[in-house]
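For reference, the structure discussed in these notes is given below.
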Amino acid sequence: MSTEKIIYSCHGAAREVTGSCHLLRCGDRHVLIDCGLFQGGREQERANFEPFGFDPASIDVLLLTHAHLDHCGRIPKLIREGFHGRILATAATRDLARVVMLDAAGLQEEDARRAQRSGRRRDEAYSEPLYTLDDALHAMDYFADPVAYDMDVPVIDGVRARFQDAGHILGSASILVTIEQGAQPLRILFSGDLGNPGRPILRNPVPAPEANYVVMETTYGDRPHRALPDSVDELYRAIQQTLARGGNVIIPTFALERAQEVLYYLHRGIQGGQVPAHTPVFMDSPMAISATEIFRRHAECFDDDFRKELEQSDPFAMPNLHFCRDTAESMAINHIESGAIILAGSGMCTGGRVLHHLKNNLWRQRSSVVFVGYAANGSLARRIVDGAKSVRIFHEEINVNAQIWTINGFSAHADQSALLDWLGNTSRKRVLLVHGEYERGMRAMETCLEKLGFACQIPQAQEAVVLAESITELT
Ligand code: ZN
């Protein structure tokens, strides 16, 4: 009969939103859940170069909830530093993670080259990329056969996992980890990022099953979202008003899910007459284009309505839609002064082609920038959303004269009531709150949950939380 302690520690997304990385230790068996990149400003980027706080070589298996960069973006670093276990993920997550990690590696190589050329960042950590394209490709070798939803899969001796649809992005999952310890197993549920119910394309999140502990995201733990139909109307209004006054509509877009959702609503808007039929729409993001192709291959992740639509027609098609893979195609958009809708990444404007479009349009009163996603602290998107009068882009001070729209109903994250609904009433065990801003999402969710009788804890980064001292404690 084993009396090994089971210990949880958070190595990313502790009291912050990005960098998700959770470690479960049960004696010498070590399981990691997610291994994401810190994103936002300089300080967050710097954190990616820091040690993990555990030995990557000691990890047996990595369970990946979904393919967003802040959940998979440090995997190549993990491997570079000694991880040699397996990675378990759904098929769609594996395919998307490949695109996401390659894109991140490309950006990091570019950043490092720029830093070396300019000597601007006199910081040694930045003169080498966090990892290279080769590292990202190599990471794909560690993915085991894809995991299906709702099946118990063996992880390592005495540990199994069940992936349940989290309804957040294509392939996303919450993961229930069961550790066999004597007569009484210990169940720890990792929410991953949870989606909002009722969105198009994906199914709703599967409610939380019984567990002794729930490690839960709290991105929007403090607020409700606007209803989705209102947000779609607002998007159409933003487009109509901007086109009427002769400007461009810039939509900084997350390449996974949001880009496809926005395309889908533009397609519907054109069909319904809310968007002029021949408006040129540019999808200026190689990653979003690849992700859209991957979408088409994973019908197993779609809800019934979307699957039916897909059988009848192409739900992303538009008469004047341009996919811009090449830099030259992207640069050609710079000459368009009015009448275009431009979707480009990154969603938080921390890099990528959207910066060029912001530079060309932010100063123009006739244009508008429509934010349809989360803007983390320290990001350019957050500064613009918070009302900055001018911002610095490519070493140039650009006035913010364009109309700024923030439409939060498109969020791929559950709002406060959706989080509570997901958790349900069945589990009254301890909830560990992660992946949120401490003063906002986390504290608000803590208050809500304590009123409902849950015991809550907000772990600090690297803090060891003992989940079980011995089997006697669990019974
Ligand atoms: Zn996510």
Side-chain angles (χ1 to χ4, degrees), residues 10 12-14 16-22 32-40 44 62-75 87 89-90 92-101 103-104 149 163-175 189-197 199 201-206 215-221 225 252-262 285 287-288 291 294-295 298 301 345-348 350 371-377 379 381-382 408-415 418-419 422 433-437 441-442:
C10 185
E16 61 183 318
V17 178
T18 65
S20 278
C21 188
H22 310 278
L32 201 64
I33 295 89
D34 290 346
C35 191
L37 202 74
F38 293 103
Q39 293 175 280
Q44 287 91 343
L62 165 63
L63 307 174
L64 182 58
T65 62
H66 67 290
H68 269 150
L69 189 61
D70 66 322
H71 291 256
C72 73
R74 277 189 292 165
I75 291 176
I87 303 174
T90 64
T93 294
R94 183 200 56 194
D95 290 356
L96 289 172
R98 181 178 190 276
V99 173
V100 169
M101 290 190 296
D103 181 77
Y149 284 123
F163 287 55
Q164 300 203 330
D165 201 332
H168 169 64
I169 64 166
L170 195 80
S172 65
S174 304
I175 304 177
L189 175 64
F190 292 85
S191 71
D193 287 359
L194 293 164
N196 260 320
R199 286 159 64 228
I201 308 179
L202 299 181
R203 291 185 289 265
N204 291 343
V206 172
V215 179
M216 190 169 91
E217 71 120 327
T218 54
T219 317
Y220 286 107
H225 289 320
T253 323
F254 294 89
L256 311 187
E257 208 64 41
R258 195 62 39 80
Q260 291 76 32
E261 260 184 40
V262 172
S285 160
M287 180 158 61
I294 292 170
F295 256 71
H298 286 286
C301 299
S346 72
M348 292 197 263
T350 48
F371 290 98
V372 290
Y374 187 78
N377 264 337
S379 64
R382 181 66 162 260
N408 79 12
F410 288 105
S411 179
H413 283 277
D415 66 3
L419 286 171
W422 175 80
L433 302 176
V434 297
H435 199 292
E437 287 172 28
M442 287 189 167

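Note that the structure is predicted; figures quoted are calculated from it, not measured. Remember, it's 1-based here, ligands and their atoms both numbered in the order they're listed.
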Are any non-hydrogen side-chain atoms of Leu194 and Ser174 less than 4.5 angstrom apart? yes

Correct closest heavy-atom pair for Ala381 and Phe371 would be CB-CE2, 3.6 Å

What pairs with Asp193 under side chain to side chain donor-acceptor pair (under 3.5 Å), at least two apart in sequence or on another chain? His66, His71, His168, His435

Taking 2.8 Å as the limit, list every protein N, O or S atom around the Zn ion (ligand 1), by chain and residue number. His66 NE2, His68 ND1, His168 NE2, Asp193 OD2

Looking at Arg94, I'd like to know if its CZ atom is crowded, meaning that more than 12 non-hydrogen atoms belonging to other residues, nucleotides or ligands lie closer than 6.0 Å. yes

In short, Ala67 meets Leu96 closest at the heavy-atom pair CB-CB, 3.5 Å

Hey, do the aromatic rings of Tyr220 and Tyr374 have their centres closer than 6.0 Å? yes

